[in-house]
Amino acid sequence: MSEQTAPNPATEEIQSEEEIFEQKRIRLEKRERLNAAGGLGGGAYPVAVPVTTTIPAVRAQWGHLEETPDSASGETVGIAGRIVFQRNTGKLCFASIQAGDGTRIQAMLSLAEVGEESLAEYKELTDLGDHLFVKGEVISSRRGELSVMVSEWQVAAKAIAPLPNLHTELNEETRVRQRYLDLISREQARTNVLTRARTMASLRETFAKHGFMEVETPMLQTMPGGASARPFVTHSNAFDMELFLRIAPELFLKRAAVGGLERVFEINRNFRNEGADSTHSPEFAMLESYQAYTDYNGIADLTQELVQNAALAANVGSDREGTHTVKWADGTLFDLGGDWARISMYGSLSEAAGVEVTPETSVADLQAIADKEGVEVPLANHGKLVEELWEHFVIDSLTGPTFVMDFPVETSPLTRHHRSIPGVVEKWDLYIRGFELATGYSELIDPVVQRERFVQQAAEGARGDVEAMKVDEDFLRALEHAMPPTGGMGMGMDRLLMALTGLGIRETILFPLVK
RNA sequence: GCCCCUAUAGCUCAGCGGUAGAGCUACGGACUUUUAAUCCGCAGGUCGCAGGUUCGAUCCCUGCUGGGGGCACCA
């Protein structure tokens, strides 16, 4: 240990904590000094600082000063922001301070304005990453940068941990684990959050326009249902019973529909205990909506409107404002406007495979095609084979947003039979950018058929399908009281953001699950 | 669950069978118009963890943990 860090009474205790690395120790000492000087309500973490406006507001009002270097506004403001750059000379200090939205303004501390003692304290006690309050006149510097010529300053919140280097990108793990650093240092991280918030607001607005009510249904369920997926299992101490995190809100929203909530939606989290990759997160935000007295065509119209309005909202403030053309992270422009294509699953598969495939095509014939193409289908039945072959043959050829209509009955146990095509259900999947963004149905409302489907699913479960649904007697009881004819839709919110921004799922989620 | 890659300073990264380097940050100093300020000086690391091979391991091997990518499953 060198002589300059020799122990003294003020720092002895801090230094005894060997695990505190040097930069943090030094900042803790500065914190002590600020607290000693500041008293109650002040110090390193004052209860408030006397801001009169915000950094973005100063930019908006006085930004024109940058056109005339070395000019003064005559206006004094009090602002606060995080110090992101410091450039100190002997008698004049510059700091770039940043607002939460990333807007920056330069603070200038001159010996002539603040005096020798204040300038020296500023240099000794402030660090990159601190929140700083400054009061002073709005001016432009000799180089023309909009600045505040400081007359008074105060630390608004002292950073003990050093700010990461802002000139190189954070690695991906740090971005995700310490999203706050990502938000401080990366414009794209901030706009991702903003776009998500605007998108959510837009969806609610569109629903409100059509008379939908937003509700919240249980996340903890005694029997997980409404989707084919493996649930997370947990335990209730109060009831001493096994509970499941929901895999979908569907069965509760349908109970709500039985009760007369004719236009209803929920935006909330689902949990699925399955693989995680660039398009799947164990917890993900899901939108589900149900509209009485419409069908899968009506709900497709609504879905298109929801997504197109969200695209408009995401484009606010960009050069594409007022259009449905979104810009992805890689620069690709993608047009979500117009009426989207609606193709049939069997028709498009037949065309792409060069073989007529219908709901009557035998499992043996389908398996033969799959074998020839090298498509492996575990626990194969007609429906699974058709869907796998469709993905194999057709999915890559989709360009714009596309509703894929009319699915095989086996794989859609909560959907009603097609009104005119046997063996097919009234279901669509909406594909955008090569992934499934949303799915819609003419909901199955016949309680007798629903019971048969559940029993069939239970048999699949007995065969070893861990995602098969269970017989939900409580839900069946609700259906027996008659649910009106209803169109239903589910949409992955994270995926909607992916479609609007071109980002990976972990970038669309503010704090994705990390081990 | 399987396969491949990866983990070095606060941050971003080099490197190598002979116990470590850069830039930024930090610290000390100079500097009244900087823009990643500049200049001089100086710190900072159990090289993810645990074993093994070796005279000697940050480097080679094994296992574990975290991260990334691919496959399978899924929205």
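Labels below follow one simple rule: chain letters A, B, ... track the order of the sequence lines, proteins then strands, and each chain is numbered from 1.
Using a 4.0 Å heavy-atom distance criterion, Gln106(A) is classed as a base contact. Across all strands, Asn88(A) comes closer than 4.0 Å to base atoms (heavy-atom distances). Using a 4.0 Å heavy-atom distance criterion, Gln86(A) is classed as a sugar-phosphate-only contact. Residue contacts for Phe435(A): at a heavy-atom cut-off of 4.0 Å it reaches no nucleic acid atom on any strand shown. Contact annotation for Met286(A): no contact, since no heavy-atom pair falls under 4.0 Å across all strands. As judged by a 4.0 angstrom heavy-atom cut-off over every strand, Leu111(A) is placed among the base-contacting residues. At a threshold of 4.0 angstrom between heavy atoms, the contacts of Ala112(A) include nucleobase atoms, whether or not backbone atoms are also involved.
Proximity of residues 90-103 of chain A to RNA chain B (heavy atom under 4.0 angstrom from any strand atom) is restricted to Gly90(A), Lys91(A), Leu92(A), Phe94(A). Using a 4.0 Å cut-off on heavy atoms, the residues of residues 127-135 of chain A that approach RNA chain B are Asp127(A), Leu128(A), listed by number.
When each of U32(B), U35(B), A36(B) is scored by its nearest atom to the side-chain atoms of Thr89(A), the top-ranked nucleotide is U32(B). You'll find that the side chain of Arg142(A) is closest to U33(B), out of C11(B), G66(B), U33(B). Closest to the side chain of Gln23(A), from the set U25(B), U35(B), C31(B), is U25(B). Looking at the side chain of Leu170(A), the nearest of the listed nucleotides A36(B), U12(B), G66(B) is U12(B).
Residue-environment remark: CZ (Arg230(A)) stays at or below the threshold of 12 foreign heavy atoms within 6.0 Å. Counting non-hydrogen atoms of neighbouring residues, nucleotides and ligands closer than 6.0 angstrom, the CZ atom of Arg269(A) reaches no more than 12 such neighbours.
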For nucleotides 20-23 of chain B, print each protein N/O atom paired with a nucleotide N/O atom at under 3.5 Å, atom names and distance only.
| unit_1 | atom_1 | unit_2 | atom_2 | d |
| --- | --- | --- | --- | --- |
| G23(B) | N2 | Asn165(A) | ND2 | 3.1 |

Dump the pairs, protein N or O against N or O of nucleotides 68-73 of chain B, anything under 3.5 Å, distances to one decimal.
| unit_1 | atom_1 | unit_2 | atom_2 | d |
| --- | --- | --- | --- | --- |
| G68(B) | OP1 | Arg506(A) | NH2 | 2.4 |
| C73(B) | O2' | Glu467(A) | OE2 | 3.1 |
| C73(B) | N4 | Asp277(A) | OD2 | 3.4 |

Pair pattern of RNA chain B in dot-bracket, where unpaired bases get dots and | marks partners in another strand, Watson-Crick or G-U under 3.5 angstrom: (((((((..((((....[..))))..((((.......))))......(((((..]....))))))))))))....
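Residues Phe94(A) and Leu92(A) come closest through the heavy atom pair CZ-CD2, 3.4 Å.
Exactly one residue among Met286(A), Glu288(A), Met200(A), Met491(A) makes a side chain to side chain contact (heavy atoms under 4.5 Å, CB included) with Ile267(A). That residue is Met200(A).
Phe475(A) and Phe454(A) have perpendicular rings, their planes meeting at more than 60° on a 0 to 90° scale where under 30° would count as parallel. Aromatic ring pairs are classed by plane angle as parallel below 30°, tilted from 30° to 60° and perpendicular above 60°; the pair Tyr431(A) and Trp390(A) is tilted.
Under 4.0 angstrom from either OP1 or OP2 of C11(B) there lies no side-chain N or O belonging to Ser185(A). Residue Arg87(A) has no polar side-chain atom (N or O) positioned under 4.0 Å from OP1 or OP2 of A36(B). Contact check, Lys30(A) against C27(B): a side-chain N or O comes under 4.0 Å of OP1 or OP2.
With sequence neighbours left out, the side chain to side chain donor-acceptor pair (under 3.5 Å) criterion links Trp153(A) to Ser118(A). Checked against salt bridge (Lys or Arg N to Asp or Glu O under 4.0 Å), Glu216(A) has no partners two or more places apart in sequence or in another chain. Listed by chain and residue number, Trp328(A), Asp330(A) satisfy the side-chain contact (heavy atoms from CB on, under 4.5 Å) test with Thr332(A) (two or more places apart in sequence, or in another chain). Listed by chain and residue number, Pro56(A), Ala99(A), Thr103(A) satisfy the side-chain contact (heavy atoms from CB on, under 4.5 Å) test with Asp101(A) (two or more places apart in sequence, or in another chain). Partners of Glu152(A) under the salt bridge (Lys or Arg N to Asp or Glu O under 4.0 Å) rule, at least two apart in sequence or in another chain, are Lys135(A).
Going from atom NE2 of His167(A) over to atom C1' of U35(B) covers 10 Å, rounded to whole Å.
Taking 90° from 0 as the syn/anti boundary, the base of U53(B) is oriented anti.
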Applying side chain to side chain donor-acceptor pair (under 3.5 Å), run through Asp371(A) and Gln367(A) and close with a yes or a no. CA-CA 6 Å; Asp371(A) 291 344; Gln367(A) 188 67 60; 3.1 Å; yes
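Residue pairs meeting the salt bridge (Lys or Arg N to Asp or Glu O under 4.0 Å) criterion with at least one member in residues 156-165 of chain A, sequence neighbours excluded: Asp127(A)-Lys158(A), Asp130(A)-Lys158(A). Applying the side chain to side chain donor-acceptor pair (under 3.5 Å) test to every pair with at least one member in residues 159-170 of chain A, sequence neighbours left out, gives these pairs: Asn165(A)-Thr168(A), Glu169(A)-Arg175(A).
Electrostatic pairing of Lys254(A) and Glu250(A) counts as a salt bridge here, judged by a charged N lying under 4.0 Å from a carboxylate O.
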